[in-house]
Amino acid sequence: MEGSRAAAEFDIARIVELAVAMRAELSAMRGGELWLQRSAWPEPLDDAYRALLGRDDARVIVGTIDGVVLGFGAAVLEPLRSGATLGVITDLFVEEGAREVGVGEAIAEELVAFCVERECVGIDAIALPGHRAAKNFFEEQHFTARMLTMHRRLEPDR
């Protein structure tokens, strides 16, 4: 049976394994290299995720099937200039073999609940261009696009 729970210190090694897999999958996609350099948590990953566990303005969730951790997600709270708070899902990843069985949905529900509890005005999450499965997943969770980021790659002179 699938489920989710707040991550604990003893989950860090497994979260790092999943984060490495997420980085490998996303960095190969269009926009992935820049995501890795700009938006992904910095190395060493065990320190980054351990720090998130200790933050009051963040939540790390693991997704399980029969108690085995097969996915994870993280959200942070971002203060806005207006004084309101925006929730930002920074990570949401499920191993390929455990996708489409409810693990990602259980993680997303926990992250949304965290943002609702903290009275966020909304929640942002990213999907790389062309990552149709991620876009569809978030749309099924009632997310809609609010902004498209356009990028022009500059190649060095050759």
Side-chain angles (χ1 to χ4, degrees), residues 1-26 31-32 35-36 38-128 131-149:
M1 173 178 257
E2 74 279 340
S4 60
R5 61 174 172 76
E9 177 70 30
F10 62 82
D11 293 311
I12 293 293
R14 181 64 178 135
I15 289 169
V16 169
E17 287 176 7
L18 292 165
V20 167
M22 176 180 67
R23 292 158 84 92
E25 183 176 315
L26 295 182
W35 165 83
L36 186 60
R38 182 174 184 261
S39 303
W41 293 108
E43 306 245 5
L45 294 177
D46 56 336
D47 290 346
Y49 289 107
R50 190 171 287 109
L52 274 180
L53 283 181
R55 288 174 50 174
D56 289 336
D57 67 341
R59 179 72 41 95
V60 182
I61 301 295
V62 292
T64 63
I65 295 179
D66 296 331
V68 177
V69 174
L70 298 171
F72 82 105
V76 297
L77 304 179
E78 181 180 305
L80 301 176
R81 287 189 289 270
S82 66
T85 303
L86 179 69
V88 179
I89 295 176
T90 61
D91 300 81
L92 205 161
F93 180 79
V94 176
E95 283 189 342
E96 191 169 342
R99 294 177 185 170
E100 298 184 25
V101 296
V103 176
E105 289 85 349
I107 295 167
E109 285 176 17
E110 293 271 355
L111 296 174
V112 168
F114 168 71
C115 294
V116 168
E117 290 166 9
R118 299 303 181 92
E119 300 179 350
C120 292
V121 296
I123 308 166
D124 279 356
I126 66 153
L128 292 176
H131 195 329
R132 176 68 60 189
K135 177 186 171 294
N136 291 346
F137 172 83
F138 283 116
E139 287 177 343
E140 289 167 5
Q141 305 308 307
H142 309 288
F143 284 72
T144 58
R146 69 168 183 86
M147 174 177 32
L148 294 174
T149 301

- Message: The test is salt bridge (charged side-chain N to carboxylate O under 4.0 Å, His left out); show your working for K135 and E139 and say whether it passes.
- Response: CA-CA 6 Å; K135 177 186 171 294; E139 287 177 343; 2.7 Å; yes

- Query: Can you check side chain to side chain donor-acceptor pair (under 3.5 Å) on D11 and Y49, steps first, answer last?
  - Reply: CA-CA 10 Å; D11 293 311; Y49 289 107; over 6 Å; no

- Item | Worked check of side chain to side chain contact (heavy atoms under 4.5 Å, CB included) between T64 and L70 | CA-CA 5 Å; T64 63; L70 298 171; over 6 Å; no

- Task: List the steps and the verdict of side chain to side chain contact (heavy atoms under 4.5 Å, CB included) for V76 and L52.
- Result: CA-CA 8 Å; V76 297; L52 274 180; 3.8 Å; yes

- Task: Verify salt bridge (charged side-chain N to carboxylate O under 4.0 Å, His left out) between D57 and R118, making sure each step is shown before the conclusion.
- Result: CA-CA 9 Å; D57 67 341; R118 299 303 181 92; over 6 Å; no

- Task: Test side chain to side chain contact (heavy atoms under 4.5 Å, CB included) on V69 and R5 and set out the steps.
- Result: CA-CA 10 Å; V69 174; R5 61 174 172 76; 3.9 Å; yes

- Item | Pair D91-M22, side chain to side chain contact (heavy atoms under 4.5 Å, CB included): steps then yes or no | CA-CA 9 Å; D91 300 81; M22 176 180 67; 3.0 Å; yes

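The neighbour count for E9 CD, taken as heavy atoms of other residues, nucleotides or ligands under 6.0 Å away, is above 12. Other residues, nucleotides and ligands contribute over 12 non-hydrogen atoms within 6.0 Å of the CD atom of E25.
Looking only at distances, a side-chain donor or acceptor of R99 sits under 3.5 Å from a matching main-chain atom of V94. At least one donor-acceptor pair closer than 3.5 Å links the side chain of S4 to the backbone N or O of A106. Proximity of a side-chain donor or acceptor of S82 to a complementary backbone N or O of A84 within less than 3.5 Å is detected.
Rounding to the nearest 0.5 angstrom, the gap separating the CZ atom in F138 from the CG atom in D124 is 10.5 Å. We find the CG-CD distance between D46 and E17 to be 12.0 Å, quoted to the nearest 0.5 Å.
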